Amino acid sequence: MMDVARRTLGNGLRVAAIPIAGLRSVSVLLAMEAGQFFEPAGRPGVARLTAQAMLRGTTSRDARAWSDALDGLGASARLDVGSHAAVFSGQCLADDLGAFLDLIADTVLRPALAPEALEFVRSRALADLEEAKKDTRSVADQVWRELVYPARHPFRTRSIGDEDVVRTATIDEIRAYHRAGIHAAGSVLVVAGALEADPAFDLADRAFGPWAAGNKLDRLLRLVDLDGAKRRAVVVPDKTQADVVLGWPGLPRTDPRFTKAQVANMVFAADTFASRAGQVVRDELGLAYYVFSTISGTAAQGPWTVRMGVNPENVERAIAVTFTELKKIRDGVVADDDLALARDKLVGELEVGRESPSGVAAMVLEAELFRLGDDHLERYPRDLRSVTKADVVAIASEFLPIDRYALAIAGPEIPAVS
Amino acid sequence: VIHALEARHAPVVSLWVWYHVGGRNEVPGTTGMSHFLEHMLFKGTPTHPKGDLDRLLARYGAQWNAFTNEDVTCYFETVPRDRYEVALELEADRMRNALISTDEVEAERTVIVSEREGLENDPSFLLGESLQAVAFDRHPYGQGVIGSKFEIKLMTRDGLYAHYRRYYAPNNAYVVVVGDDRAETLVEKAAAAFERVGQAEIVASPLAPAPPQMGEKRLVVHRAGGALPIVQLGFHTAAASDPRAAALQALGVALAGGGGGDAASGRSSRLYRGLVEPELATEVDATFGLTKDPFLFMIEATVRPGVAHGAVEAALLRELGRLADEPIDETEFARVRRGLLASVAFPSDTITWRAFRLGSLLSTGAAQSIGAWYDALAKVTPTDVQRCAQETFVERARTVGHFIPEAG
C-alpha cells in the first residue's frame with residue numbers, strides 16, 4: 001500500500017505527502033474549494049476568470065518574472081477550474097520542490113489581480129467561448145447542462161462560463177471571489193514522488209503557512225430531478241460527426257452509494273471495451289469510435305453522462321442500443337462475469353495507477369478533498385469488490401431512469417427516422 | 001530486438017511492441033491501411049477469440065491501447081507485474097495469428113470512418129492534413145496516417161491480411177518493456193514468448209527522401225466548421241537520426257516551451273511572448289517530431305478574433321528570424337535547457353511513458369537509450385540552436401497554411 005503521511009498546517013491547509021522511491025520528480029496538486037460548485041449563483045465564469053487572472057502576476061513579480069522563474073525550474077504547471085475545485089497541478093524535479101511550492105504560493109496567496117490582467121484573460125476567454133460554439137463536444141455538453149440544471153445552478157454552464165458574465169465581470173468581483181474562495185480552509189495540498197515527508201511538510205509550511213485560513217464555504221442546492229425525457233439537437237454547420245451526450249443528474253462524491261454507482265457505471269458504459277454499451281455500440285455494431293460514461297465527483301449532483309461520437313446516420317440506433325443495455329441492467333439482466341469484470345477493472349486500475357506520481361497524487365487528493373477517511377485507499381478495493389448485482393440494479397433504477405433523462409446532440413443535421 | 005529497463009517504484013510492467021509499418025509504407029489507393037490493420041488486431045485469434053483480449057486486460061485494470069503514425073504501428077499494455085506473461089502471450093499470439101475476417105472488417109470500417117469524421121470536426125487537423133499533403137508531393141508522409149475516407153471505404157480484407165503477413169513478424173518489430181523486475185528477467189520472458197513466433201521475409205523497400213523544396217508553397221482551407229482562424233507553417237527539416245535532432249528539439253522548446261493551451265508553464269517562450277502576450281494569437285505551438293525520414297518542423301498559431309492571418313504570419317516569421325539572427329542569451333538558454341531536460345525526466349517517472357520514450361527513440365533511430373538522448377540534449381548549445389534556426393526557417397523550405405472559418 002501507499003505510504004501516505006498527513007499534516008494539517010496552522011491555517012487548516014491539509015497536506016499529504018507520499019514518498020515514492022526511485023523517482024527524480026515530484027507531482028504537486030493543490031485543490032482549493034473554488035470550483036463551479038462554489039461560484040456565486042448566476043455568475044458562471046467568475047471562477048475561471050479568477051484562476052486565469054491569478055497567473056498574470058503577483059504583488060512581488062509581474063507575469064513575466066513569474067513565468068521566467070517557473071520555466072527556470074523546468075517545471076510544468078497549470079491551474080484548472082473543475083466542478084468542485086480549482087486545482088493547481090504540476091511536476092518539478094525533486095530539488096526544486098521548495099522553489100516550486102513558493103511560486104505556487106505566490107500566485108495563490110498574493111496575486112496582483114490588476115485590471116489589465118482581467119482584460120487579458122477576458123479577451124482570451126471570449127475567444128475560447130467563440131471557439132466552443134463550433135466545437136460539437138462543447139456544444140453538446142452545454143446543451144445537455146441546460147436541459148438538466150435549472151437557472152443559477154452551478155452546473156448549468158460549463159466552467160468556461162457564460163458569455164455575458166465573462167463580458168461584464170469586474171476586477172472588484174474577481175478580487176472579491178479570490179478573497180472569499182481562495183483560502184486554506186477546505187484546501188488540500190498533495191505531493192507525491194521523490195521526497196521525504198517531513199522536509200516536504202516543512203517546505204509546504206514555509207510556502208503556505210502565511211495563507212489566511214478563511215471560512216470554508218458551503219452551498220445548499222435544491223435536488224435536481226428530471227420530470228421526463230428531454231431532447232435537443234443543435235446543428236453545427238460543416239461538421240461530419242455528431243457528438244451525443246445522454247445523461248442524468250448524478251450523486252455527490254460523499255454519498256455512501258458512490259462506490260456502488262462507480263461499479264454500475266462500469267457495467268453500463270464507463271469503458272468502450274469492458275462495459276455493456278461500449279461493447280455493443282462500438283465492438284459489435286461499429287456505430288461509434290468512442291463511447292464512454294463518467295460520474296462527476298463533486299459535492300452535489302454532478303453530471304452522470306454517456307458520451308459518444310457518431311455518424312449522423314447512426315445516431316438514433318446508437319442511442320437506442322444504449323438504452324437497451326441500460327434497460328437490461330435495470331431489469332437485473334447482468335451477467336455475473338460482466339459484474340466481476342467491472343469490479344476487477346476498477347480495483348486493478350488502482351494498482352496500475354501507482355505507476356506515476358501524478359496517478360498516486362490524484363488518488364490521494366480525491367480521498368482528502370472529500371474526506372473519505374484516512375483508511376479510504378486501503379478500504380476502497382474491498383468496498384468495490386463487495387458491490388453486488390442487486391446494488392447495481394438498485395443504483396441504475398434510482399439514478400438512471402429510462403423515462404427521465406436528457407439527451408443532447410450537436411453536429412450535422414440528423415436524418416429523420418423512417 | 002528486445003529492450004528492457006527496470007522500474008521498481010510500482011508493481012507494474014509496461015510492454016510495447018513496435019512494428020516498422022505506418023503511413024510511409026502505403027501507396028495511393030490504400031492510404032490508411034496500417035491504421036485500419038491496427039484496429040483489426042483487436043478482433044481475435046484462434047486462441048483468443050474476439051473480446052478475449054479486451055476483457056482479460058480490462059480485468060487486470062490494464063492501461064492498453066495502440067496507435068499508428070507515419071513510421072510505426074505500436075501496441076502496448078501496462079499491467080500488474082504478475083500479469084506480464086499474459087501480456088506477452090497476447091502480443092506474441094496476435095503478431096502472426098490475427099483472424100481478420102471479412103465480417104469484422106466490415107464492422108470496423110464504420111468505426112474507422114467515425115474516427116476520421118471526428119478528426120474532420122477539428123480545423124487544426126483539417127489544415128494540418130492538407131499542409132502535409134502539399135509539403136510532401138513525392139514522399140508518402142504526404143498521405144498522412146488515417147487515410148482518405150473513400151479509401152477506407154474501399155479497403156479489402158485480403159489487402160489488409162496481406163499487409164499484416166508482410167509486416168507483422170519478430171524480425172520487423174521492437175519489443176520494449178519497462179517494469180518491476182530485473183531487466184534480464186524481463187528480456188528472458190519476452191524472448192521466450194516471441195522466439196516461438198515465426199519470422200517473415202521482410203522485403204526491404206527503401207524510400208527515397210523527399211526532393212528539396214525549391215520555393216514557398218501556400219494553401220488555404222475554408223470551412224464553416226471552425227470559429228477561429230489558424231496559421232500553420234511547416235518547414236522541411238531533419239530526421240530523428242540526424243545529429244541535429246537534439247538541437248531541433250531545443251529549438252521547439254525555445255519557441256513554444258513545454259506548455260501550450262492553458263498551461264502556466266512555457267509562457268517565457270518566444271512565441272508566447274511574441275504572439276500571445278501582444279494578443280495576436282490565443283495559442284501557439286512549435287514541434288519537431290522524431291521521425292525516420294526528414295519531416296516538418298511545425299508551427300501553429302490560433303488567431304485572435306479581429307486579427308488578420310497576415311499579421312500573425314508576419315509575427316511568427318519575425319520570431320523565427322530572431323532566433324536565426326542572434327544566439328539565445330545565457331539566461332534564456334538556461335530556461336530552455338531546463339525545460340528540455342525536464343521533458344525527458346518527467347515522463348520517465350511514469351512507467352508507461354518511460355517505455356514509450358525508449359521505444360520512440362529506438363524505432364526512429366534518434367538514440368539507443370534514454371540516457372544517450374538525455375546526454376545529447378544536455379550537450380546542445382545556443383550556437384547549435386541558432387544554426388538549426390538558420391538552416392530550418394528558410395523561405396523556400398516552408399509551406400504556409402491558413403484556415404479561414406466561414407459563416408455557417
Side-chain angles (χ1 to χ4, degrees), chain A residues 20-25 55 64 67-68 70-80 91 93 120 123-124 127-128 130-131 133-134 136 193 236-241 271 273-274 282-290 309-311 314 341 344-352 354-357, chain B residues 7-12 14 51 54-55 58-63 78-80 107-115 117-118 120-121 223-228 257-259 262-269 279 282 304-305 334-335 338-339 341-342 345-346 348-353 405-406 408:
Chain A
I20 307 172
L23 302 187
R24 282 191 287 178
S25 69
L55 296 173
R64 282 195 168 214
S67 298
D68 284 352
L70 180 71
D71 290 347
L73 300 178
S76 65
R78 53 185 302 124
L79 177 53
D80 297 295
Q91 195 170 6
L93 292 171
F120 184 87
S123 70
R124 169 68 197 267
D128 290 345
E130 199 57 38
E131 206 159 18
K133 289 177 191 168
K134 297 287 179 71
T136 48
V236 183
D238 219 2
K239 298 290 186 183
T240 46
Q241 183 171 82
D271 186 80
F273 296 101
R282 170 166 167 160
D283 221 28
E284 290 177 22
L285 301 174
L287 297 176
Y289 173 59
Y290 79 87
V310 193
N311 180 284
N314 295 327
L341 176 64
D344 288 347
K345 180 171 169 57
L346 288 165
V347 172
E349 284 175 349
L350 297 174
E351 190 169 344
V352 173
R354 292 170 59 190
E355 67 153 337
S356 74
Chain B
R8 297 292 201 165
H9 68 267
V12 160
S14 189
D54 308 335
R55 291 175 78 83
R59 208 174 284 283
Y60 305 153
Q63 188 184 340
T78 301
V79 293
E108 198 62 15
R109 194 187 305 281
T110 49
V111 171
I112 296 166
V113 168
S114 174
E115 183 180 359
E117 289 175 341
E120 287 175 5
N121 277 7
R223 255 187 108 155
L228 298 183
D262 280 341
S265 35
R267 293 185 177 185
S268 68
S269 66
E279 305 199 31
T282 60
R304 281 237 180 204
R335 288 198 300 269
R338 193 79 168 169
L341 298 180
F346 292 169
S348 292
D349 276 352
T350 297
I351 291 172
T352 300
W353 288 113
E406 291 180 334

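Computed from a predicted model, the values in this text were never measured in an experiment. Values reported hereafter were calculated over all heavy atoms of this structure, with side chains retained and with hydrogens, waters and symmetry mates removed. Chain naming here is simple, since letters A, B, ... match the order of the sequence lines and numbering starts at 1 in each.
Between chain B and the options A/Leu79, A/Val310, A/Leu341, heavy-atom pairs under 4.5 Å are most frequent for A/Leu341. In terms of non-hydrogen atom pairs under 4.5 Å with chain A, the most contact-rich of B/Glu120, B/Arg223, B/Glu279 is B/Arg223. Chain B forms the most heavy-atom pairs under 4.5 Å with one residue out of A/Glu349, A/Glu351, A/Arg124, and that residue is A/Arg124. Between chain B and the residues A/Asp238, A/Leu287, A/Asp80, A/Thr136, the largest count of heavy-atom pairs under 4.5 Å involves A/Asp238. Options A/Lys133, A/Arg64, A/Glu130, A/Glu284 differ in how many heavy-atom pairs under 4.5 Å they form with chain B, and the most are formed by A/Arg64. Note on A/Asp128, A/Asp283, A/Asp271: by heavy-atom pairs under 4.5 Å with chain B, the leading option is A/Asp283. By number of non-hydrogen pairs under 4.5 angstrom with chain A, the leading residue of B/Ala10, B/Ser114, B/Gly339 is B/Ser114. Ranked by heavy-atom pairs under 4.5 Å with chain A, the first of B/Pro305, B/Pro405, B/Gly118 is B/Gly118. Most heavy-atom pairs under 4.5 Å with chain B: of the set A/Val236, A/Asp344, A/Val347, this distinction falls to A/Asp344.
In this structure, A/Asp68 CG and B/Arg335 CZ are separated by 4.0 Å, a value rounded to the nearest 0.5 Å. Here the OG1 atom belonging to B/Thr352 is positioned 4.5 Å from the CD atom belonging to B/Gln63, to the nearest 0.5 angstrom.
Smallest separation of non-hydrogen atoms from B/Ile351 and B/Ala7: CG1-CB, 3.9 Å. The minimum heavy-atom distance linking B/Gly257 with B/Ser269 is given by the pair N-CB, 3.5 Å. The minimum heavy-atom distance between A/Gln91 and A/Pro357, with the atom names listed, is NE2-CG, 4.2 Å. When all heavy atoms are compared, the tightest approach of B/Thr350 to A/Ser356 is OG1-CB, 3.0 Å. B/His9 and A/Ala21 get closest at one heavy-atom pair: CB-O, 3.1 Å. Contact detail for A/Leu93 and B/Ala345: the closest heavy-atom pair is CD2-CB, 3.9 Å.
A/Phe273 has its side chain within reach of A/Arg282: a pair of non-hydrogen atoms, C-beta onward, lies under 4.5 Å apart. A/Leu23 has its side chain out of reach of B/Ser348: every pair of non-hydrogen atoms, C-beta onward, lies at least 4.5 Å apart. Looking at heavy atoms from C-beta onward, B/Asn121 lies in side-chain contact with A/Thr240 at the 4.5 angstrom threshold. Using a 4.5 Å heavy-atom cutoff, the side chains of B/Arg338 and A/Asp71 are not in contact. No side-chain heavy atom of A/Arg354 sits under 4.5 Å from any side-chain heavy atom of B/Val12.
Heavy-atom distances place both the backbone and the side chain of A/Leu55 under 4.5 Å from chain B. Using a 4.5 Å cut-off between heavy atoms, B/Pro11 touches chain A through backbone and side chain atoms alike. Looking at B/Ala334, neither its backbone nor its side chain comes within 4.5 Å of chain A, counting heavy atoms on both sides. For a residue to count as touching a neighbouring chain, one of its non-hydrogen atoms must lie under 4.5 Å from one of that chain's; by this rule B/Arg304 touches chain A with the side chain only. For chain A, the nearby part of B/Glu108 is the side chain; its heavy atoms alone come within less than 4.5 Å. A/Ile20 touches chain B through its side chain: at least one heavy atom from C-beta onward sits under 4.5 Å away, while N, CA, C and O do not. For A/Leu350, no part lies under 4.5 angstrom from a heavy atom of chain B. For a residue to count as touching a neighbouring chain, one of its non-hydrogen atoms must lie under 4.5 Å from one of that chain's; by this rule B/Phe346 touches chain A with backbone and side chain alike. Contacts of A/Leu346 with chain B are absent, with no heavy-atom separation under 4.5 Å from either backbone or side chain. Of the two parts of A/Ala75, only the backbone, made up of N, CA, C and O, holds a non-hydrogen atom closer than 4.5 Å to a non-hydrogen atom of chain B. Neither the backbone nor the side chain of B/Ser14 comes within less than 4.5 Å of any heavy atom of chain A. Contacts of A/Ala127 with chain B are made by both backbone and side-chain atoms, with heavy-atom separations under 4.5 Å. For a residue to count as touching a neighbouring chain, one of its non-hydrogen atoms must lie under 4.5 Å from one of that chain's; by this rule A/Ser76 touches chain B with backbone and side chain alike.
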